[in-house]
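Before any comments, here is the structure.
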Amino acid sequence: MSAMQDRHPVSRLLQLLLGGLLILGAGALAPLPGPGGIFLFAGGLVLILRNSRSAQVRFARIKRRWPRIGGLVDRTMRRQSALRRHARDKRHARDKRIGSR
């Protein structure tokens, strides 16, 4: 059972709504000076991605289309998949370096 299914459906719905409100709030704060809107957008995106399977699928498609931006977003959000990929890439680079000696 995935972590998404462990949560009560009402809790998931409330978190989805809160995520949407945070993203809308980020749009409202965008014209103001300072980085406040970025943090609201990131928090809203995290809540939506943790609670919506369709949002996860769309996010994965976007990451495949623009891998540099998707990787940056994953690292910024400290997603487990990004951390695993980063550790795997570091191991691969180290092994390649050791093998070329």
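Nothing here was measured: the structure is a model prediction, and the numbers come from that model.
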Group every Ile, Leu, Val, Met, Phe, Trp and Tyr by side-chain heavy-atom contacts under 4.5 Å, then state whether Ile23 and Ile69 land in the same group. yes

With a cut-off of 6.0 Å (strictly less than), are more than 12 heavy atoms of other residues, nucleotides or ligands near CG of Leu14? yes

Does the side chain of Arg53 pick up a donor-acceptor pair with the side chain of Gln56 at under 3.5 Å? yes

Minimum heavy-atom separation for Gly20 and Ile48, please, with both atom names. N-CD1, 3.8 Å

Would you say Trp66 and Phe41 are hydrophobically clustered, going by side-chain heavy atoms of ILVMFWY under 4.5 Å? yes

Going only through I, L, V, M, F, W and Y residues with side-chain contacts under 4.5 Å, is there a path from Leu22 to Phe39? no

Nearest heavy-atom approach of Arg12 to Asn51 is NH2-O, 3.0 Å

Please tell me whether Leu47 and Leu40 are part of a single hydrophobic cluster in this structure, the criterion being side-chain heavy atoms less than 4.5 Å apart. yes

Would you say Leu17 and Val46 are hydrophobically clustered, going by side-chain heavy atoms of ILVMFWY under 4.5 Å? no

Out of curiosity, Leu29 CG to Ile38 CD1, how far, rounded to the nearest 0.5 Å? 11.0 Å

Closest contact, heavy atoms only, Gly37 versus Ala26: O-CB, 3.2 Å

How would you list all residue pairs meeting side-chain hydrogen bond (donor to acceptor under 3.5 Å, both in side chains) that involve residues 25-44, not counting sequence neighbours? none

Rounded to the nearest 0.5 Å, what separates atom CG in Leu16 from atom CG in Leu49? 10.0 Å

